[in-house]
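Scroll down for the structure; my scribbles are underneath it.
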Number of protein chains: 2
Amino acid sequence: MPDTTRSTDRLPGTRYGNRPTMKDVAARAGVGLKTVSRVVNGEPGVTPDTERRVQEAIDALGFRRNDSARVLRKGRTASIGLVLEDLADPFYGPLSRAVEEVARAHGALLINGSSAEDPEREQELALALCARRVDGLVVIPAGDDHRYLEPEIRAGVATVFVDRPAGRIDADVVLSDNFGGARDGVAHLIAHGHRRIGFIGDMPRIHTAAERLRGYRAAMEDAGIPVEDAWMSLGQTNPERVRRAAEEMLAGPEPVTAIFTGNNRVTVTVIRVLAEHSRRVALVGFDDFELADLLQPGVTVVAQDAAALGRTAAERLFRQLDGGLVAPERIELPTRLITRGSGELPPAD
Amino acid sequence: MPDTTRSTDRLPGTRYGNRPTMKDVAARAGVGLKTVSRVVNGEPGVTPDTERRVQEAIDALGFRRNDSARVLRKGRTASIGLVLEDLADPFYGPLSRAVEEVARAHGALLINGSSAEDPEREQELALALCARRVDGLVVIPAGDDHRYLEPEIRAGVATVFVDRPAGRIDADVVLSDNFGGARDGVAHLIAHGHRRIGFIGDMPRIHTAAERLRGYRAAMEDAGIPVEDAWMSLGQTNPERVRRAAEEMLAGPEPVTAIFTGNNRVTVTVIRVLAEHSRRVALVGFDDFELADLLQPGVTVVAQDAAALGRTAAERLFRQLDGGLVAPERIELPTRLITRGSGELPPAD
DNA sequence: TAGAGCCTGGACAACGTTGTCAGCTGCGCG
DNA sequence: CGCGCAGCTGACAACGTTGTCCAGGCTCTA
């Protein structure tokens, strides 16, 4: 079999494609195995001269400690797992980054995976991470039954859920105030004179979607406005569906004069639909997004702080690992209404 | 010391906080260690009855295989590392996701980290990943000297660079056609009658920035337009600096009539500046971004395909791992000019 | 100068898994 | 009835590291 690896000088004491071990380093430096370990880990009790010899051998061989073996021995991996829905979604980028920063501050690496909103894949991923013995797990749930994590939690895997609560187990969870945020957003529209307000959101089996819907209903009820079925669209949020839903609400003899959208994907689609209409329709969206201020009009949104969600969750996770926590807790972060124009348009009937 | 772990029934044969091992499972099922291993790995040669007993013990104990030990034994981790600049940057989300999908298709997990454009942090991260014995590494370089990876590559870590070439080592690299894309974008502006065209880009020590600048110069030269220094801004791309640069280009007796921006962060800032000006200035930006079509006017861009970059790199990486590759290669992916209005505005002198 | 104590270094086991190999059982066939 | 074979099963070593513990040599003091 031809050797396809890039050829350089073959290293003494090591077979090709195999890495040098501490044993090799020890042999080359003429010291014992444990002495190498001490140097590599910066432990005390090695004379400068010995240390230098060991260091030279390390450099010469290109030795790098094998963390797998280390983990096996020490029990902790200094890595945490993040299971999220889709890394490509602009909402999760900052969240993931925030988790990473906290992990880094604790000397840990981040392993992450996308569940693609598929409960089975979520489970598969989470358990794969557990098999790798991550110290902790941050999960953005796709499914609604997380009992599969019970043995892991019992075995000491710190676990925090983010964005949506865990299903059927008692665990830490960090959420946005979806209900309050939606209620405020809809109340904002009502305050600007709207009564026929549409709501386009995700399937109510998703916790955040259900909460935002509840906020919409609460605001309407507070204002004494009976909600008509035709004003609500709850389901898949692919562009075609959302587009149809928006167009239906805007058609007919009594069209809605404002729309509240349940997440940023929906918001963007609705903006596209509204851009095609001549009549001015007010809009408030849940989730902020880049360039919302540059559109005409600027888009009023209920913003949640993705980075804060991630940071809070990760910090809580490391507090679990430090042994400082007892009972699982539910932490709710406030949302912020950002007015930019689209939510302040008056009703145009 | 109080036990702060959530309390459930203590498992027989395992200490609290310690996980059951195959040995524990074997003891409980009344079989040998190796038999458990066989069941866990789906190896043949186990009677259905034995398998059932083992499976029951596994479920009862909540056993999960320790992949660290497995890796130690087998040599491969089935995980790859991704070092990028910033996970929160919308350009890297899709790229990362694409790498993840390919990894998933090969049964591997993705570990990633952000270098924050800091060469030292890039190295620290990459080497930490190597210590964990990732099978391969996808690197978006922050630094320009990657000789520190030589021992790793020699030891068999598959390595692919993305978006920017590796520094001082010979390795696979997947790039966008930054030069060609920029040249086409600027030529597009020239074709619409512009001659005084500004260029705002990143520091030329960044490869992509240098290439795009080269594209700008080439297009200008092709058209026989001498470039004036006042038309170019090459440096940090924080909003304040970019804003100042744009405003300087637009002031004076002979202002630029069009601007070519070197990346999407710059583009967005320039859009904000232009929105404050009454005079219509043409704009073409490198990198596409969401909602570019909804602005007034729509923003003409040179789009690169982040997902394709990630996918191509990851596939190349796994081909290395499968042993099918010999010489490092440089792969360049085409860019695409997307016209939306801003790049087709005529000069307004 | 001898003894005590400290400092350095190394031998060895253990972490949890998998590969090797040998033993055991039961069955079929001569 | 005995032998061979196949199919299961388990004992054992090894992967590369770290923790424990002990040995040997040095220094310091009485």
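Values below: every heavy atom of this structure, side chains too, minus hydrogens, waters and symmetry copies. Letters A, B, ... are given to chains in the order of the sequence lines, protein chains preceding strands, and every chain is numbered from 1.
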What's the [atom1]-[atom2] distance between [X] and [N], to the nearest Å?
| X | N | atom1 | atom2 | result |
| --- | --- | --- | --- | --- |
| B:Phe63 | C:dG16 | CZ | C1' | 8 Å |
| A:Arg65 | C:dC15 | CZ | P | 20 Å |
| B:Arg132 | D:dC15 | CZ | P | 23 Å |
| B:Met22 | C:dG19 | CE | P | 11 Å |
| A:Lys23 | D:dT18 | NZ | P | 16 Å |
| B:Arg133 | C:dT17 | CZ | P | 20 Å |
| B:Arg73 | C:dT17 | CZ | P | 13 Å |
| A:Arg70 | C:dG16 | CZ | C1' | 18 Å |

Under a 3.5 Å distance rule, please check whether [X] uses its side chain to pair with a backbone N or O of [Y] as donor and acceptor.
| X | Y | value |
| --- | --- | --- |
| A:Asp135 | A:Ala78 | yes |
| B:Arg97 | A:Ala88 | no |
| A:Glu122 | A:Ala142 | yes |
| A:Ser115 | A:Gly113 | no |
| A:Glu43 | A:Ser37 | no |
| A:His146 | A:Ile169 | no |
| A:Thr35 | A:Val31 | no |
| A:Ser68 | B:Val71 | no |

Q) Between the two end axes of the helix from C:dT1-D:dA30 to C:dG30-D:dC1, each built from 5 base pairs, what angle do you get to the nearest 10°? A) 50°
Q) Under 3.5 Å, is there a donor-acceptor pair linking the side chains of B:Asn66 and A:Arg132? A) no
Q.
Can you see if the side chain of B:Asn41 gets near the phosphate of C:dT18 - specifically, an N or O under 4.0 Å from OP1 or OP2?
A. yes
**Q.** 5′-ward residue of the pair A:Lys74/B:Leu72 relative to DNA chain D
**A.** B:Leu72
Between the protein and nucleotides 8-10 of chain D, list every N/O to N/O distance that falls short of 3.5 Å.
from: D:dT9; atom 1: OP1; to: B:Thr47; atom 2: OG1; distance (Å): 2.8
from: D:dT9; atom 1: OP1; to: B:Thr50; atom 2: OG1; distance (Å): 2.5
from: D:dT9; atom 1: OP2; to: B:Thr47; atom 2: N; distance (Å): 3.0
from: D:dG10; atom 1: OP1; to: B:Gly32; atom 2: N; distance (Å): 3.2
from: D:dG10; atom 1: OP2; to: B:Gly32; atom 2: N; distance (Å): 2.6
from: D:dG10; atom 1: OP2; to: B:Thr35; atom 2: OG1; distance (Å): 2.5
from: D:dG10; atom 1: O5'; to: B:Gly32; atom 2: N; distance (Å): 3.4
from: D:dG10; atom 1: N7; to: B:Arg38; atom 2: NH2; distance (Å): 2.7
from: D:dG10; atom 1: O6; to: B:Arg38; atom 2: NH2; distance (Å): 3.4

(Q) Under 4.0 Å, counting only non-hydrogen atoms across every strand here, what does A:Asp67 touch: a base, just sugar-phosphate, or nothing? (A) nothing
